Amino acid sequence: GRRRSIRTRRWLGRLLLRRCLRSSTGNDLLHLRPAPRHARRRVRHPALRRVPVPRVLLSAVRKVRTVLTLFSGACGGWDLGMERAGYRVVAACEADPWRRAVLQRNFPNTKVYDDVRGLTAARLVADLGALPDVIVGSPPCQDASLANTKGRGVDGARTGLFFEFIRIVAECRPLWCCAENVPGLRTRGVDRVLSELEALDYACWPLVVGAGNAGAPHQRRRVFIMAADANEARRADGSLVPLARATTQSEPRCSSLAPWRENASEVPGIHGMDDGLPRRVAAAGVAAYGDAVVPQIAEAIGRAMLRVAA
């Protein structure tokens, strides 16, 4: 019965995202099917072995759900998309000083932390007064990228910060969480990430979504791992309802999923062109764009979360 219930929730999540993220050309999403549970490695990461798993519920009544973004980057794609979906981003975390300064300038009302390894549920409660309802983020992808032929995936020093993401989820117990990374993660540790989240009693929906699904003139496919607390869901007024009662009615497309402008394929004049930015500044900007999440996809995911929990 429990395994059938998890399968049902996975099917429902895929259905809602397919309706919300269908591109203007009518192409469906490219799904990533998880490996069977018995085929996944059940080795617990050392950072998770010492983390208690309290079931922390938010007692405050909120009209707008709150969000914590991790590995936020400079552009704040997660932050912008979740705000468009109707959330309030209360905190973010970015280690790079330059990216953190740009993020703080773009979102001046957001508390920005500098190191995910020092971020805890107790610190969030002390600074914000409550824990976030949703946690999203994009852990570093260098060890999972196929361009890195010697990458170790989630065993690497950078992409291994995935387990810090999971540790914070274990401490805060959000209703929803979502992590984004490159498609190479499918062969470099996605099963371990899913196993750790499911061990915390989260139902997971791994998806591959591209910028083209949001109308962009390029593909930019990324892995998104959505996970919901399998035992409870919280309404906007603070009341609890079983997740299995989620609505399946048809919903309109997200307002921000409009096609890119016709001249979006033109190369911006910032890198290596006359009257452009200095090379070092331009290179940093290009790297920041590479780290960014497409806000339209983040918005669609946020809206899907709200519909399931409504």
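Just so we're clear, the structure is a prediction, and the values are computed from it rather than from any experiment.
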**Student:** For the residue pair Cys178 and Met305, what are the closest heavy atoms and their distance?
**Tutor:**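 Closest pair (atom of Cys178, atom of Met305, distance): CB-CE, 3.8 Å.
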**Student:** Donor-acceptor pair, Thr69 side chain versus Gly137 backbone, under 3.5 Å?
**Tutor:** no
**Student:** Is the backbone N or O of Leu119 less than 3.5 Å from a side-chain atom of Tyr113, with the two atoms forming a donor-acceptor pair by type?
**Tutor:**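 It does not hold such a pair.
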**Student:** Check whether any side-chain N or O of Gln142 sits under 3.5 Å from a backbone N or O of Ser145 as a donor-acceptor pair, and report yes or no.
**Tutor:** no
**Student:** Looking only at non-hydrogen atoms, find the nearest pair between Leu131 and Ala121 and report the distance.
**Tutor:**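 Smallest interatomic distance, heavy atoms only, reads CD2-O, 3.6 Å.
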**Student:** Please determine if Asp155 and Arg188 form a salt bridge, counting it only when a charged side-chain N lies under 4.0 Å from a carboxylate O.
**Tutor:** no
**Student:** Do the side chains of Arg222 and Glu180 get close enough for a salt bridge, i.e. N-O under 4.0 angstrom?
**Tutor:** yes
**Student:** Rounded to the nearest 0.5 Å, how far apart are CH2 of Trp176 and CG of Asp229?
**Tutor:**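 Trp176 atom CH2 to Asp229 atom CG measures 10.5 Å (nearest 0.5 Å).
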**Student:** Would you say that Leu194 contacts Pro206 through its side chain, given a criterion of any heavy-atom pair below 4.5 Å between the two side chains?
**Tutor:** yes
**Student:** Got a sec, which residues hit side-chain hydrogen bond (donor to acceptor under 3.5 Å, both in side chains) with Asp143, two or more places apart in sequence or on another chain?
**Tutor:**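 Partners of Asp143 by the side-chain hydrogen bond (donor to acceptor under 3.5 Å, both in side chains) criterion come out as none, since no residue qualifies.
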**Student:** Does the Asp127 side chain pair with the main chain of Leu124, one donor and one acceptor, at a distance under 3.5 Å?
**Tutor:** no
**Student:** Looking only at non-hydrogen atoms, find the nearest pair between Gln104 and Thr110 and report the distance.
**Tutor:**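 Heavy atoms only, the tightest pair is NE2-O, 3.0 Å.
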**Student:** Is there a path of hydrophobic side-chain contacts, each under 4.5 Å between heavy atoms of I, L, V, M, F, W or Y residues, that connects Leu80 with Phe71?
**Tutor:** no
**Student:** Are Phe224 and Tyr87 linked, directly or through other ILVMFWY residues, by side chains that come within less than 4.5 angstrom of each other?
**Tutor:** yes
**Student:** Give me the atom names and distance for the closest heavy-atom approach of Asp114 to Cys93.
**Tutor:** C-SG, 4.4 Å
**Student:** How about Arg84 and Gln296: do any of their side-chain heavy atoms sit closer than 4.5 Å?
**Tutor:**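 Of all side-chain heavy-atom pairs linking Gln296 with Arg84, at least one is under 4.5 Å.
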**Student:** Mind checking the CG-CD1 spacing from Leu68 to Ile168? Nearest 0.5 Å is all I need.
**Tutor:** 6.5 Å
**Student:** Minimum heavy-atom separation for Ser72 and Leu103, please, with both atom names.
**Tutor:** CB-CD2, 3.5 Å
**Student:** Is Asp96 salt-bridged to Arg99, cutoff N-O under 4.0 Å?
**Tutor:**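 Judged by the 4.0 Å cut-off on N to carboxylate O distance, Asp96 and Arg99 do form a salt bridge.
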**Student:** Between Arg192 and Glu196, is there a side-chain N and carboxylate O pair less than 4.0 Å apart?
**Tutor:**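 No, no charged N to carboxylate O under 4.0 Å.
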**Student:** Can you tell me how far the SG atom of Cys75 sits from the CG atom of Asn106, to the nearest 0.5 Å?
**Tutor:**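 Going from SG on Cys75 over to CG on Asn106, the span is 8.0 Å.
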**Student:** So does Gly73 get a backbone contact from the side chain of Glu94, meaning a donor-acceptor N/O pair under 3.5 Å?
**Tutor:**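 Side chain of Glu94 to backbone of Gly73, a donor-acceptor pair under 3.5 Å: yes, one is there.
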**Student:** Atom CH2 in Trp78, atom CD1 in Ile135: separation rounded to 0.5 Å?
**Tutor:**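 Nearest 0.5 Å value for the CH2-CD1 distance: 12.5 Å.
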